[in-house]
Amino acid sequence: MFRRAYLQPQHAEFAARVEGFLDAHVVPHHADWAARGGGLPRALWQEAGAAGLLCRTVPQVYGGPGGDLLEAAIITEALGQRRISGFLTCLQSDIVAPFVLKLGREDQKRHWLPALASGNAVGAIAMTEPQGGSDIAGIETTARRHGDSIVLNGTKTHISNAMTADVIIVAARTVLPDSGDPARRSQPAISLVMVEAERPGITRQPIDKAGMPALDTGTITFEDCVVPAANLLGAEHMGFVYLMTFLGIERLVLATYAQACAERLLRDLIADCDARKTAAGSLLDYQNTRFVLADLYSACAVNRAFVDHCLIAAQGGRSDPKAACIAKLRVTDTLRQIAAFGVQFRGAAGISGATGARASQDMLDSAVQSVWGGTSEIMRDVIGQGLASVL
Ligand SMILES: Cc1cc2nc3c(=O)[nH]c(=O)nc-3n(C[C@H](O)[C@H](O)[C@H](O)COP(=O)(O)OP(=O)(O)OC[C@H]3O[C@@H](n4cnc5c(N)ncnc54)[C@H](O)[C@@H]3O)c2cc1C
């Protein structure tokens, strides 16, 4: 929808490859997965891995394609442009894998990264708990140390890839040793643990969802689940700091996806308004329709420029977590507005789906995006912190 001068010819070639893969292997089946609430074939992960679509930024030495962040964004955008929510590879590629790459010991990286990049393993990250996902400091799942083992107890909910995952990065509360170090004590005592999903003591339950029904989402319960202490990811008790640091990346990935969804929904809406015959000619001949669409298009254009600014900065090693919050907040707000007008301007067909417009589903899907990865209220909270420093 918008010209992006910074992308190079090789990016266009890569985008064509990604789009070809998704159009052949994912798009034809997506409605079926949505109707069944999931059920993607496991082989799809391996096919995507073989096509270089997984863990794009993981270096070749760890079995990844060794691509750059803009290529990773191209994959995420191709998913959003196609309304694909059931095979969100960006979760595995750009959220789970970076935790392992940045925090893992050499043996953890050599074990898990080739598996994640090839699609032989599927990964998940489990932070959210039933009592509330916004308050990460309030995580109640416990990780008790018993010699060389850790025993996990607690429940994680609304976890993407919950039913498919082979490995789950679990955020759990640990007990701080009395180190006498006040800086460490000021952080909630949370650790990250890599848990193989087949371990005894783990039960998984799928969650039926109105929004993004094709996406594998579930609840994972840990009951005296024993894992080796060697499965700790990064330093013990440092999980809260890690989560806060990585949430910046996660939010930029989610903003990138949401922006592509917004552009796709707006493009379809403009086309449908143009095609709808009315007494005035088409819906676009009504000033009200044009004004609303002009506002949405303007918001989309500004959001695109800001998301691209964040992506270019991140590509250059200058990620800005607060800018990622601004991007996620603005883009998901615009997305929800476009989705709402998508129903309104299609009239009854936007509700019954008689035109196949999927407008009602778009509204439910877009609602997910201002909730996951931190709700819009949390984005405002983060943006609002330290506002005086901008004076
Ligand atoms: C499809 C889907 C996939 C997901 N995948 C994952 C995943 O893979 N891993 C994972 O860990 N989680 C995942 N989540 C969970 C998601 O991150 C949480 O839903 C999100 O963080 C919000 O937590 P919550 O739903 O418990 O809402 P709550 O924290 O209960 O918040 C509900 C509402 O309360 C208000 N509120 C809460 N706190 C504040 C505050 N501090 N200030 C102002 N208002 C506030 C806001 O209005 C907010 O929208 C997923 C969610 C969905 C829907």
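Atom set for the values below is all heavy atoms of this structure, side chains included, hydrogens, waters and symmetry mates excluded. As the structure lists them, so they are numbered: ligands from 1, and atoms in each ligand from 1.
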Would you say atom 33 (C) of ligand 1 makes contact with the protein, given that contact here means a non-hydrogen protein atom less than 4.0 Å away?
no

Any donor-acceptor N or O pair under 3.5 Å, side chains T174, S191:
yes

Just by distance, no angles: are the side chains of T141 and E129 close enough, under 3.5 Å, to form a donor-acceptor pair?
yes

So, do H309 and F306 have ring centers that fall under 6.0 Å from each other?
yes

When distances are taken from atom 20 (C) of ligand 1, the protein heavy atom at minimum range is V371 O, 3.4 Å

Minimum heavy-atom distance between A165 and A197, given as atom pair plus value:
O-CB, 3.1 Å

Shortest protein contact, atom 37 (C) of ligand 1 (heavy atom only)
S134 OG, 3.7 Å

Which heavy atom of the protein is the closest neighbour of atom 24 (P) of ligand 1, given with residue, atom name and distance?
G133 N, 3.5 Å

Do T334 and N303 meet the criterion of a side-chain donor-acceptor pair at a distance under 3.5 Å?
yes

Any salt bridge linking R204 with D216? Criterion: basic side-chain nitrogen under 4.0 Å from a carboxylate oxygen.
no

How far is atom 30 (O) of ligand 1 from its nearest protein heavy atom, and which residue and atom name does that atom have?
G132 CA, 4.1 Å

Would you confirm whether the ring centroid of F99 sits within less than 6.0 angstrom of the ring centroid of Y242?
no

Give me the nearest non-hydrogen protein atom to atom 5 (N) of ligand 1 as residue plus atom name, then the distance to 0.1 Å.
S160 OG, 2.8 Å

Which of D224, T221, T142 passes side chain to side chain donor-acceptor pair (under 3.5 Å) with N153? Answer is D224

Pick one of side chain, backbone, both or neither for how V368 approaches ligand 1, counting any non-hydrogen atom pair under 4.0 Å.
side chain

Donor + acceptor pair across side chains of Q259, D308 (<3.5 Å)
no

Is atom 49 (O) of ligand 1 less than 4.0 angstrom from at least one protein heavy atom?
yes

Where L152 and A143 come nearest, the two heavy atoms and their spacing:
CD2-CB, 3.8 Å

Between E377 and ligand 1, is there a nitrogen or oxygen pair with a distance under 3.5 Å?
yes

Checking contacts here: is it the side chain or the backbone of D135 that comes within 4.0 Å of ligand 1, counting heavy atoms only? Could be both or neither.
neither

At under 4.0 Å between heavy atoms, which part of M127 makes contact with ligand 1: side chain, backbone, both or neither?
both

To check your reading of the model: name the closest protein heavy atom to atom 41 (N) of ligand 1, its residue, and the distance in Å.
I378 CD1, 3.5 Å

Which residue and non-hydrogen atom of the protein lie closest to atom 13 (C) of ligand 1, and at what distance in Å?
H158 O, 2.8 Å

Please determine which of D272, D268, D362 meets the salt bridge (charged side-chain N to carboxylate O under 4.0 Å, His left out) test together with R346.
D272

Going by the order shown, which atoms of ligand 1 are within less than 4.0 Å of some heavy atom of G373?
17 (O)

Counting only heavy atoms closer than 4.0 Å, does ligand 1 sit against the backbone of T128, its side chain, both, or neither?
both

Atoms of ligand 1, numbered as shown, that sit under 4.0 Å from any heavy atom of I159
7 (C), 8 (O), 9 (N), 10 (C), 11 (O)

Of all the non-hydrogen atoms in the protein, which one sits nearest to atom 52 (C) of ligand 1, and at what distance?
W372 CB, 4.1 Å

As an exercise, identify every atom of ligand 1 less than 4.0 angstrom from a heavy atom of T375.
22 (C), 48 (C), 49 (O)

